[in-house]
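Notes follow the structure.
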Amino acid sequence: MAYWLFKSEPETFSIDDLKNRPNQTEPWDGVRNYQARNFLRDQVQINDKVLFYHSNCKVPGIVGIAQVVKAGYPDSSAWDAKSPYFDAKSTKDKPRWYRVDVRFEKKFDRIIRLQEIKQNPVLQGMQIAKKGNRLSITPLTKAEWNEVIKVALR
DNA sequence: GCCAACGTTGGC
DNA sequence: GCCAACGTTGGC
């Protein structure tokens with residue numbers, strides 16, 4: 001089982017949105033970056049754990065956890081001309097983009113702020129803590145996962 | 001709203 | 001294949 005951090009802008013899709021979906025489950029679509037795509041297509045597996053991160057907002061940070069309930073499969077939003085994620089270069093025969101399904105698991109009582117992540121010796125190696133990081137899907141270690149769960153209860 | 005950092009595009 | 005120009009991301 002692997003551990004991941006998934007970034008989302010709360011104005012687009014927040015942890016509350018996930019919580020309120022039918023079955024509290026949602027396809028994680030719209031990823032249009034090759035490195036992140038490769039993770040979704042090749043490495044993210046069912047039952048993997050996910051930290052839900054809110055970016056580009058007032059208080060950026062980790063807000064809760066989710067679970068992967070379906071491994072990588074083609075992102076059909078890429079071939080939907082009405083979708084904001086439409087990409088004419090992705091076809092059903094040769095899908096360019098992939099998504100996974102995630103299910104809500106828990107919303108933390110507090111936000112683990114980016115500022116706090118950067119100050120925590122166990123967490124400051126996370127990709128999210130690095131300057132200029134833009135990758136929306138990033139792997140994390142079990143130690144990092146455990147630490148986040150631990151400080152979330154504080 | 002600013003702007004540094006990054007990824008992608010396309011001319012050559 | 002290089003790299004300048006451009007568009008986007010995301011913290012601040």
Side-chain angles (χ1 to χ4, degrees), chain A residues 2-21 26-44 48-68 71-102 104-141 143-145 147-152 154:
Chain A
Y3 302 89
W4 305 94
L5 182 142
F6 282 20
K7 243 193 253 182
S8 184
E9 300 189 15
E11 286 203 14
T12 305
F13 189 76
S14 72
I15 189 145
D16 292 318
D17 291 329
L18 180 61
K19 189 179 179 182
N20 293 328
R21 285 298 140 116
E26 179 77 357
W28 200 269
D29 57 11
V31 172
R32 297 292 180 267
N33 166 283
Y34 288 103
Q35 214 182 330
R37 186 278 311 268
N38 292 346
F39 283 136
L40 291 178
R41 188 188 57 189
D42 306 329
Q43 290 189 246
V44 179
D48 281 1
K49 299 286 198 176
V50 173
L51 294 178
F52 200 118
Y53 180 90
H54 280 176
S55 68
N56 201 15
C57 55
K58 208 166 177 181
V59 185
I62 300 161
V63 291
I65 59 184
Q67 187 181 10
V68 177
Y73 64 104
D75 182 351
S76 63
S77 69
W79 56 66
D80 174 3
K82 284 173 297 189
S83 168
Y85 305 126
F86 177 69
D87 179 358
K89 290 177 183 155
S90 185
T91 64
K92 289 185 187 182
D93 287 345
K94 280 193 124 188
R96 173 177 292 199
W97 305 113
Y98 282 73
R99 65 186 175 194
V100 300
D101 289 355
V102 297
F104 174 85
E105 202 161 305
K106 180 192 193 64
K107 182 181 176 181
F108 294 149
D109 293 334
R110 68 187 192 88
I111 300 173
I112 318 285
R113 287 160 296 123
L114 177 61
Q115 184 192 352
E116 179 178 348
I117 293 167
K118 287 178 172 171
Q119 286 167 0
N120 183 315
V122 184
L123 301 180
Q124 61 195 192
M126 288 172 65
Q127 302 240 34
I128 201 76
K130 290 176 186 155
K131 194 179 175 186
N133 166 67
R134 292 170 54 174
L135 198 54
S136 65
I137 308 281
T138 49
L140 55 144
T141 65
E144 288 162 348
W145 171 271
E147 179 70 8
V148 169
I149 301 306
K150 195 175 105 190
V151 303
R154 227 160 25 213

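Letters go in sequence order (proteins before strands), and every chain restarts at 1. Side-chain atoms are counted along with the backbone in the values below, which use heavy atoms only and exclude waters and symmetry mates. All values derive from a computational prediction rather than experimental measurement.
In this structure, A:L135 atom CG and C:dG11 atom P are separated by 13 Å, rounded to whole Å. In this structure, A:E11 places its CD atom 13 Å from P of C:dG11, rounding to the nearest Å. Rounded to an integer number of Å, the gap from A:K130 NZ to C:dT9 C1' is 18 Å. For the pair A:Q127 CD and C:dG11 P, the interatomic distance rounds to 14 Å; values are reported in whole Å. Atom-to-atom, NZ of A:K89 to C1' of B:dG10 comes out at 10 Å; the value is rounded to the nearest Å. Rounded to whole angstrom, the span from the CG atom of A:N33 across to the C1' atom of C:dG10 amounts to 14 Å.
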remark   = Counting primed atoms, P, OP1 and OP2 as sugar-phosphate and everything else as base, the B/S/- map of nucleotides 1-8 of chain C against protein heavy atoms under 4.0 Å is ------BB
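Between A:Y53 and C:dG11 there is a side-chain N or O to OP1 or OP2 distance below 4.0 Å.
Under the 4.5 Å side-chain criterion, counting only non-hydrogen atoms from C-beta, A:Y98 is not in contact with A:D75. Here the side chains of A:K7 and A:N133 are in contact, with some heavy-atom distance below 4.5 Å. A:I137 places a side-chain heavy atom less than 4.5 Å from the side chain of A:W4.
In this structure, A:H54 contributes its side chain and A:I15 its backbone to a donor-acceptor pair below 3.5 Å. In this structure a side-chain-to-backbone donor-acceptor pair under 3.5 Å is present from A:N20 to A:D16.
A distance of 9.0 Å separates CZ in A:F86 from OG in A:S90, rounded to the nearest 0.5 Å.
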task = Tell me, with the steps shown, if A:K19 and A:E26 meet salt bridge (charged side-chain N to carboxylate O under 4.0 Å, His left out).
result = CA-CA 9 Å; A:K19 189 179 179 182; A:E26 179 77 357; over 6 Å; no
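Here A:D87 does not pair with A:R32 in a salt bridge; the nearest charged N to carboxylate O distance is not below 4.0 Å.
Of the residues in residues 109-122 of chain A, those with a non-hydrogen atom less than 4.0 angstrom from any atom of DNA chain C are A:L114, A:K118.
A residue-by-residue look at A:N133 and A:N56 shows that A:N56 has its nearest nucleotide of DNA chain B further toward the 5' end.
Using cut-offs of 30° and 60° on the angle between ring planes, the pair A:F52 and A:W28 is perpendicular.
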